[in-house]
Amino acid sequence: MGRGGNQLFDDSRDVFFSVACLGSQWGNVQDVQYLPKGGLFASVNQMGVGDNSNLKSLYNDLYVKYLSFVGFQEEEGVLKKKKGGLKLKIKVKNPSLRRLISGGIAGAISRTAVAPLETIRTHLMVGSSGHSTNEVFKNIMQTDGWKGLFRGNLVNVIRVAPSKAIELFAYDTVNKKLSPAPGEQPKLPIPASLIAGACAGVSSTLCMYPLELVKTRLTIQRDVYNGIVHAFLKILHEEGPGELYRGLAPSLIGVIPYAATNYFAYDTLRKAYRKYFKQEKIGNIETLLIGSAAGAISSSATFPLEVARKHMQVGALSGRQVYKNVIHALACILEQEGIQGLYKGLGPSCMKLVPAAGISFMCYEACKRILVEDDEKT
């Protein structure tokens with residue numbers, strides 16, 4: 001075929017056509033580069049079809065200013081390959097939007113991945129389908145099949161995805177602001193990731209707590225409200241905005257230490273990995289393992305606080321002791337039951353939290369590598 005024609009593919013060549021976004025500037029077909037065996041590459045601002053004004057107008061209308069496909073990257077005339085695969089990139093110019101999208105996807109995937117564990121854990125807690133993990137699993141499979149393991153997951157994803165998006169966005173943003181540049185002195189006497197983790201937990205809880213409260217009201221008082229929106233508006237009108245945050249303090253007491261230690265452990269393990277293996281980039285499997293280890297560390301470190309909080313919530317039911325505060329509860333449990341009393345139920349809790357943390361971090365980092373600002377930045 002002639003170089004000046006309008007045909008995009010040359011059947012006589014072994015070529016691959018890569019579209020890097022439908023650009024806003026237009027060139028001629030003569031500008032298209034032919035790469036032997038590497039493929040035919042149309043650059044971001046060089047794809048066009050002759051002087052066809054109608055086609056140009058159509059493409060210009062389809063062009064998206066802030067979100068566009070960059071496609072397969074090219075470097076020195078050769079398509080980049082990594083272990084036999086080509087790297088897909090999606091251009092998102094706004095860094096805040098990149099983090100929110102990545103966090104939302106990470107939350108949805110991690111929640112779905114551990115949904116069977118959460119279902120089994122819930123059945124074990126209420127004793128409705130057996131008294132062991134194996135027994136509960138068999139009963140669910142016999143009754144509902146695989147769908148039974150994911151029952152209610154969509155509702156949880158709708159709740160978890162925005163929560164995780166806000167959490168990871170807040171952590172990444174605050175951590176980047178507080179972390180010193182190479183060679184600079186630390187801006188604060190305590191690690192930036194510890195503060196960023198605490199901010200992430202607080203931000204997520206403040207934004208999502210009203211939804212949690214409305215969800216609880218709908219569960220307990222089914223006849224009073226017609227739906228989420230009706231419940232939200234009725235609570236605002238009859239009880240005021242403050243009612244949407246009733247019980248916030250105990251939730252923050254549980255969230256802040258867990259989030260702070262989780263992100264601090266994750267950041268510390270990543271830095272240790274880079275230093276030990278002398279590698280700047282960390283793969284998906286390594287991120288999964290590091291995130292899971294961080295989840296295990298934070299769960300173990302803060303689990304006594306969770307136990308104390310549960311004891312305080314039970315209160316004087318069935319003649320139980322009433323505790324003055326968290327410290328008093330921890331001291332009494334330690335005196336009466338020993339160290340093991342502070343970690344009762346840690347196994348079932350880690351069964352869900354540890355893999356969820358690892359999958360969440362892995363998906364978040366992977367999404368950030370796909371969503372880029374331009375062809376070079378990741």
Side-chain angles (χ1 to χ4, degrees), residues 106-107 110-111 113-122 124-125 132-133 160 163-164 167-168 170-171 175 190-202 204-205 250-273 275-276 282 285-314 323 325-365:
S110 63
R111 186 63 187 78
V114 300
L117 296 176
E118 174 66 12
T119 301
I120 292 172
R121 176 171 168 262
T122 303
L124 282 172
M125 290 174 66
S132 68
T133 301
V160 169
S163 175
K164 205 66 180 177
E167 185 179 306
L168 287 165
Y171 166 74
N175 192 43
I190 55 179
S193 57
L194 196 66
I195 299 176
C199 291
V202 171
S204 177
T205 303
S251 295
L252 289 176
I253 291 172
V255 166
I256 290 175
Y258 174 79
T261 53
N262 186 33
Y263 287 103
F264 172 69
Y266 175 70
D267 186 61
T268 303
L269 290 173
R270 281 175 64 86
K271 290 178 180 177
Y273 178 90
K275 185 176 180 181
Y276 183 80
I282 302 177
I285 300 301
E286 291 84 353
T287 303
L288 173 66
L289 296 175
I290 289 172
S292 297
I297 292 169
S298 57
S299 297
S300 301
T302 61
F303 196 75
L305 294 176
E306 180 67 14
V307 172
R309 191 166 66 91
K310 293 292 184 184
H311 276 258
M312 291 178 69
Q313 288 176 344
V314 171
Y323 303 102
N325 49 50
V326 174
I327 302 299
H328 181 229
L330 289 171
C332 291
I333 295 169
L334 187 62
E335 182 181 352
Q336 296 169 9
E337 303 180 46
I339 293 291
Q340 63 270 23
L342 295 176
Y343 289 92
K344 187 178 293 183
L346 177 62
S349 180
C350 286
M351 186 175 71
K352 183 194 78 167
L353 291 175
V354 170
I359 294 168
S360 178
F361 280 122
M362 181 185 70
C363 293
Y364 182 64
E365 298 294 343

Determine the minimum heavy-atom distance between [X] and [Y], stating which atoms define it.
| X | Y | result |
| --- | --- | --- |
| L330 | A308 | CD2-CB, 3.8 Å |
| G291 | A357 | O-CB, 3.7 Å |
| S299 | C350 | CB-SG, 3.9 Å |

Pairing residues for F264 by the ring pair (Phe, Tyr, Trp, His ring centres under 6.0 Å) criterion, not counting sequence neighbours:
none
By side-chain hydrogen bond (donor to acceptor under 3.5 Å, both in side chains) - contacts of [X] (at least two apart):
| X | value |
| --- | --- |
| S163 | S204 |
| Y266 | R270, E365 |
| S110 | none |

Among residues at least two apart in sequence or on other chains, which ones pass side chain to side chain contact (heavy atoms under 4.5 Å, CB included) with [X]?
| X | answer |
| --- | --- |
| A356 | V114 |
| V202 | L206, L252, I256 |
| A192 | N175, L178, S179 |
| V307 | F303, H311, I333 |

Checking E286 now: which residues fulfil salt bridge (Lys or Arg N to Asp or Glu O under 4.0 Å) with it, not counting sequence neighbours?
none
Going by atom type alone, with no hydrogens or angles, which donor-acceptor pairs under 3.5 Å involve a side-chain atom of residues 336-345 and a protein atom two or more places apart or on another chain?
| residue | atom | partner | partner atom | Å |
| --- | --- | --- | --- | --- |
| Q336 | NE2 | Q321 | OE1 | 3.0 |
| E337 | OE1 | K344 | NZ | 3.0 |
| Q340 | NE2 | E337 | O | 3.1 |
| Y343 | OH | S300 | O | 3.4 |

Listed once per pair and sorted, the salt bridge (Lys or Arg N to Asp or Glu O under 4.0 Å) pairs that draw on residues 253-268, sequence neighbours left out
D267-K271
